[in-house]
Amino acid sequence: MNIRTLIIAVMGTMLPSMAAAETLPVIQNVNAYESLSLNGEWNYIVDVQEEGYYDYRMKPTPWGFFRNAKPQKPEDLIEYDFDKSPTMQIPGDWNTQDERLFFYEGTVWFMRKWKVESGKWKENTEGTQEVGKRTLLYFGAVNYDCRVWVNGQEAGHHIGGFTPFNFDVTDMLKEGENTVIVKVDNKRHAEDVPTLSFDWWNYGGITRDVKLVKVAPVYLEDYSLTLEKVKGEKGKKVREICFSAKLNKAEAGHKVVVFIPELKLEKTFTTDAEGKIQNSMFSVQSKKLSLWSPENPKLYKIHLSVDSETITDEIGFRTIETRDKQILLNGQPIFLKGISIHDEKANGGGRANSTEDAHQLLSWAKELGCNFVRLAHYPHNEYMVREAERMGILVWSEVPVYWTIAWTNPATFENAQQQLTEMIHRDHNRANIIIWSIANETPHSAERDNFLGRLAQYARSLDDTRLISMAMEVTGASNYVNRLNDNMNQYVDVVSFNQYIGWYRDVNDAPKMTWEIPYNKPVIVSEFGGGAKYGYHGEKNQRWTEEFQENLYRENTAMLDKIDGLAGTTPWILKDFRSPRRVLAGIQDYYNMKGLVSDKGEKKKAFFVLQQWYETK
Ligand code: GCU
């Protein structure tokens with residue numbers, strides 16, 4: 001079983017226990033459907049003590065803000081009014097839009113209205129409420145704990161700040177004015193994913209697109225098209241493409257057509273009793289098929305139709321695998337010239353959430369000579385992944401199982417599993433994603449191994465067409481010999497680790513260092529680096545100067561060249577980014593300064609050291 005069959009099975013079984021019953025599996029390729037965007041100005045109410053949800057006995061109250069109540073009689077007491085409350089731009093975090101909320105962690109309520117007239121949506125696009133069609137309310141992401149009401153009825157609940165979710169709200173809609181109210185809480189808890197401490201800003205709010213999506217009563221909940229690896233000589237002439245799909249209904253006999261105009265390929269499939277098509281192969285002549293790669297980010301327009309409804313997607317075909325210590329893209333060894341990135345706009349702009357934001361960050365990565373990015377430490381917005389795919393940039397995508405997670409808490413495991421499911425579900429048709437990462441810098445213990453071992457196997461059960469990894473830590477270093485010894489090596493395809501020689505330890509000792517990595521697997525150094533303030537100059541042994549960072553990169557890249565099996569690296573990090581853990585006044589000022597470019601995009605000297613090194617790769 002693999003992504004082509006299992007995702008759907010798991011989604012169906014797992015979610016009910018996690019969220020309110022009406023949560024549906026996330027619709028695949030949401031941007032392909034007719035929709036009404038609810039992006040724009042939303043009213044908001046900051047509710048530090050969750051007055052709008054709990055009564056003074058901290059019991060959920062039926063008179064909460066979700067009712068959007070208005071005084072009916074002069075003596076009526078209603079102590080909130082969304083219409084008179086300030087507004088902010090959605091999608092967007094609250095921290096960079098209201099300076100009172102810069103450090104805020106707690107509850108904020110949001111309200112948005114739209115009109116439906118004679119079945120027609122009335123806002124900024126013409127949408128019709130055709131008979132039988134369903135309306136899904138879709139959120140790209142909300143950090144962290146999100147409750148949603150439509151016209152006072154609870155639509156659902158979702159936790160996890162970096163993955164999409166949707167609710168069927170068809171039966172909650174009414175003629176005239178409709179209201180959606182969202183309670184968002186980004187308070188941190190030990191049992192959460194991520195847990196209490198993490199080195200990035202805990203941007204709160206509705207941070208990605210919100211839209212009403214119109215779907216037919218029976219629609220494609222998920223589908224996948226993947227290229228089989230070459231098997232034998234025949235495989236060289238004819239390539240096998242594997243198609244799987246799942247409808248939102250377990251109904252047999254529905255016709256699903258896959259049409260690839262450029263390849264003059266049209267295939268018709270029929271769903272089984274579960275409303276699925278599983279691992280159906282069709283072939284295409286190799287010479288006709290242009291494979292996706294950084295040099296040739298070829299995407300094919302694909303039309304998929306169920307009964308009479310047709311959606312379009314753009315999909316690339318490639319294979320990714322390992323052979324001993326090599327990573328093979330389309331059967332050829334590749335060195336991953338990477339950089340780590342946070343999902344944050346430049347120029348202090350908060351959470352990134354557009355193609356423009358993505359293009360700016362990825363253009364700097366391209367200038368570095370990168371063919372690969374590590375999207376740290378959580379699934380980034382879909383625009384980032386799709387723009388990287390168009391720009392020919394390979395991707396490492398990760399769930400925020402970061403540092404000291406509550407390993408023995410079953411709800412924490414389910415939460416991590418759900419985020420992993422939603423990440424893979426959203427992006428499993430993206431050719432540029434080659435690595436799913438299940439964790440970062442997690443302390444060794446039997447409980448951790450048990451948690452991560454299960455999570456790795458689960459990830460592989462969802463998708464065995466990609467590589468599984470995680471960012472490990474160097475466990476032993478003495479006499480300049482660095483050893484990697486991590487039980488998780490047995491679960492991953494690529495052995496990746498973070499090391500900070502020259503910054504957190506062994507300053508200027510990188511040239512003396514050697515490495516013992518006792519695993520016959522490709523190695524990725526998923527983090528190395530040091531901080532510098534752009535424009536601050538001095539001796540190379542002076543912390544925070546560009547010269548210190550430049551020297552650190554020189555010494556580290558030379559050291560990495562000595563690592564046997566090094567198949568790639570993603571230095572920490574492309575751009576200075578906000579973190580509440582970075583409080584050094586005059587230098588950090590709540591920014592992690594390990595960027596190769598400043599938050600304004602100013603290139604530090606180390607930028608050019610890495611650029612030159614990648615020219616040699
Ligand atoms: C860690 C961690 C990053 C962090 C970085 C740093 O390795 O994975 O999230 O920002 O080190 O200390 O700068």
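When a ligand or atom number is given, it counts from 1 through the structure's own listing order.
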message = Is a donor from one side chain sitting under 3.5 angstrom from an acceptor on the other, for Thr107 and Asp47?
response = no
key: Note: Glu367-Lys603 ion pair, threshold 4.0 Å (strictly below)   = yes
note = Per ring-ring contact (aromatic ring centres under 6.0 Å, His included), Trp94 is matched among Phe103, Tyr104, Tyr44 by Tyr104
inquiry  = Under 6.0 Å from the ring centre and within 45 degrees of the ring axis: does the NZ or CZ of Arg543 meet both conditions for the six-membered ring of Trp503?
reply    = yes
task = Go through the side-chain N and O atoms of His380 and Glu344 and say whether any donor and acceptor fall under 3.5 Å apart.
result = no
key: Shell of residues surrounding ligand 1, defined by a 4.0 angstrom heavy-atom cut-off that is strict   = Asp199, His377, Tyr402, Asn440, Glu441, Asn498, Tyr500, Tyr504, Glu527, Trp572, Phe577, Arg582, Asn592, Lys594
Do any side-chain atoms of residues 473-481 form donor-acceptor pairs under 3.5 angstrom with protein atoms, and if so which ones, sequence neighbours left out?
unit_1 : atom_1 : unit_2 : atom_2 : d
Thr475 : OG1    : Arg483 : O      : 3.3
Thr475 : OG1    : Asn485 : N      : 3.1

